[in-house]
S.K.: 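Pasting in a structure now, in structure tokens, and then I'll have a few things to ask.
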Amino acid sequence: LEVNHILIQGGAGYRPLRTAWDVALKPFQDPRHPQAKRLKAAVTAYADELITLVEQGGRTGVADLSAQFSRPLPLMVASHLLGFPGSQGDDALMDMWRVLDAGPDAEAALERLLATLAELAALKLEKPGDDFPSYLLAAHPDLSLDHLARELFMLLGMTSDHVGILISNTVVEVISGEGSVRASLSAGMVRETMNRVVMRKPPLVNFVPRFAARDTPLGDYTIRAGDPVWVSPGAAHADPLFADHVASGTTISTRAHLSWGAGPRQCPARELASAVAAAGVGRLFERFDYLDLALPADQLPWRSSPFMRGLRSLPVHYDLASAPPPRPWAEEPAPGVAEDVLPDPSARQRSSLWRYLTGLIRGGR
Ligand code: HEM
């Protein structure tokens with residue numbers, strides 16, 4: 001919260017910044033745009049890479065799907081969005097984890113990360129590419145390099161943490177939920193399943209603390225101008241008046257909830273986050289013939305963050321399908337989409353993220 005960026009920013013600087021974010025995200029969020037197709041292909045290819053790494057521990061075994069899939073996948077996506085050259089992004093990605101875990105090495109990691117993102121910002125200013133930093137700069141040419149780096153930090157943090165949590169929460173819901181959840185997934189209703197997950201377990205349980213701009217009546221109370229307000233979708237969604245309408249058996253689909261915020265400051269990346277999570281979850285259930293929780297659902301370890309409802313780990317028993325199904329774009333080539341979404345394999349092997357993931361491989365039941 002000490003780093004000022006769009007989520008925190010108020011005043012006159014806010015509107016142009018939000019407009020620039022909307023413009024810069026559009027190519028990745030409009031399903032007809034080549035960038036969005038390329039992103040989807042990248043997510044599936046990264047998911048395949050991660051699952052192949054799990055397979056090294058055996059075609060049947062035990063894995064931590066949080067550490068080995070849900071956390072690294074969005075980080076790889078963030079690196080793609082940021083247009084990091086080579087595998088330079090990987091160290092920055094590992095630093096993002098250190099910052100989010102808020103351990104003793106978080107402060108040094110934050111400094112390194114902001115310095116790396118400032119270097120990336122300078123590179124994109126000099127040599128723009130087809131990536132988020134270049135699009136943001138084009139939409140807001142007045143951004144200083146320092147400010148751009150802070151916006152990139154925001155993107156990296158949001159993408160790596162929130163999307164990973166959404167993936168894990170959806171996987172738990174599908175594995176441990178009633179039969180209807182699995183059935184809707186096999187009917188291709190990944191997005192609807194995720195919508196229900198974010199209603200029942202909003203990934204962002206509490207928004208950023210804000211201050212009331214003016215006196216605001218709310219039920220029997222008045223929030224005075226200047227009073228701090230911490231809006232909690234986690235609490236709002238637990239209200240029986242709301243919760244009773246989202247019972248698991250219902251056939252009614254609704255987007256009338258607070259999981260993505262509401263009003264002018266609602267999440268600008270809702271489509272991006274949902275598309276990435278849906279492609280990841282979809283590929284996971286295509287590649288695994290069998291997935292079951294290795295712990296009862298009510299004993300899964302949750303993080304203690306005031307903001308996020310996310311798992312510390314997601315231990316599962318698995319069987320992998322013998323032959324990976326073809327990647328979607330292999331059947332239906334889309335313009336601008338090629339196998340070039342994956343980085344050079346030797347750079348991958350050398351990267352710190354990959355060494356970390358290789359260290360997590362384990363087998364046996
Ligand atoms: C599961 C994933 C995500 C969830 C549940 C989520 C949810 C939210 C919510 C509830 C807000 C409103 C916060 C408030 O009013 O205080 C918000 C704001 C925001 N989100 Fe997301 N988000 C997700 C992913 C992302 C991703 C991947 C990005 C970037 C690529 C992103 C970028 C932003 C930005 C820039 C804002 C601030 C908007 C503003 O103040 O104008 N979000 N998000």
Side-chain angles (χ1 to χ4, degrees), residues 1 3-11 13-29 35-36 39 43 70-71 73-83 96 100 131-133 135-136 139-140 147-148 150-171 191 194-213 228-237 255 257-281 305-310:
L1 290 178
V3 181
N4 188 25
H5 48 54
I6 181 168
L7 195 58
I8 317 279
Q9 167 111 39
Y14 171 69
R15 246 305 112 210
L17 186 59
R18 170 66 194 232
T19 306
W21 261 85
D22 288 336
V23 171
L25 284 174
K26 188 157 191 277
F28 301 104
Q29 305 210 89
Q35 276 300 354
L39 176 69
V43 179
S70 320
R71 276 199 110 187
L73 181 70
L75 222 52
M76 293 154 86
V77 171
S79 182
H80 172 97
L81 294 173
L82 291 173
M96 190 73 231
L100 291 169
D131 43 50
F132 178 81
Y135 296 156
L136 194 67
H140 200 321
H147 191 166
L148 178 59
R150 283 184 271 125
E151 297 305 323
L152 302 184
F153 171 74
M154 160 74 185
L155 177 123
L156 189 52
M158 278 294 208
T159 309
S160 48
D161 214 26
H162 292 35
V163 180
I165 288 171
L166 177 55
I167 293 176
S168 280
N169 290 3
T170 307
V171 170
R191 294 290 284 262
M194 269 176 16
N195 184 49
R196 289 170 187 227
V197 170
V198 298
M199 277 198 285
R200 268 203 285 277
K201 297 191 180 93
L204 202 58
V205 257
N206 298 308
F207 295 170
V208 180
R210 299 193 185 283
F211 296 91
V229 178
W230 204 357
V231 177
S232 166
H237 287 196
R255 300 290 189 269
H257 57 77
L258 285 177
S259 295
W260 303 95
R265 295 202 77 131
Q266 72 179 294
C267 181
R270 174 180 178 157
E271 176 53 34
L272 173 81
S274 309
V276 169
V281 171
S305 162
F307 297 110
M308 312 300 305
R309 181 172 163 80

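No experiment lies behind these values; they were computed from the predicted model shown. First listed ligand is number 1; within each ligand, the first listed atom is number 1.
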S.K.: Is Ser259 close to ligand 1, meaning an N/O of one under 3.5 Å from an N/O of the other?
M.R.: no
S.K.: What atoms of ligand 1 come within less than 4.0 Å of a heavy atom belonging to Ala273?
M.R.: 2 (C), 24 (C)
S.K.: Judging by distance only, is a nitrogen or oxygen of Tyr14 under 3.5 angstrom from one on ligand 1?
M.R.: yes
S.K.: Report the part of Thr159 (side chain from C-beta onward, or backbone N, CA, C, O) that has a heavy atom under 4.0 Å from ligand 1; answer both or neither where that applies.
M.R.: both
S.K.: Should the proximity of Leu272 to ligand 1, defined as any heavy atom under 4.0 Å, be assigned to the side chain, the backbone, both, or neither?
M.R.: side chain
S.K.: Can you find an N/O atom of Arg210 closer than 3.5 Å to an N/O atom of ligand 1?
M.R.: yes
S.K.: For atom 3 (C) of ligand 1, which candidate among Trp260, Trp230, Phe207, Trp21 provides the closest heavy atom?
M.R.: Trp260
S.K.: Does this structure show an ion pair linking Asp22 with Arg18, if we count only N-O contacts that are shorter than 4.0 Å?
M.R.: yes
S.K.: N/O/S atom of Cys267 under 2.8 Å from atom 21 (Fe) of ligand 1, yes or no?
M.R.: yes
S.K.: Can you figure out which of Met154, His162, Arg265 has its heavy atom closest to atom 12 (C) of ligand 1?
M.R.: Arg265
S.K.: Which protein non-hydrogen atom lies closest to atom 36 (C) of ligand 1, naming both residue and atom, and how far is it?
M.R.: Pro268 CD, 3.4 Å
S.K.: With heavy-atom distances below 4.5 Å as the criterion, would you say the side chains of His140 and Glu151 are in contact?
M.R.: no
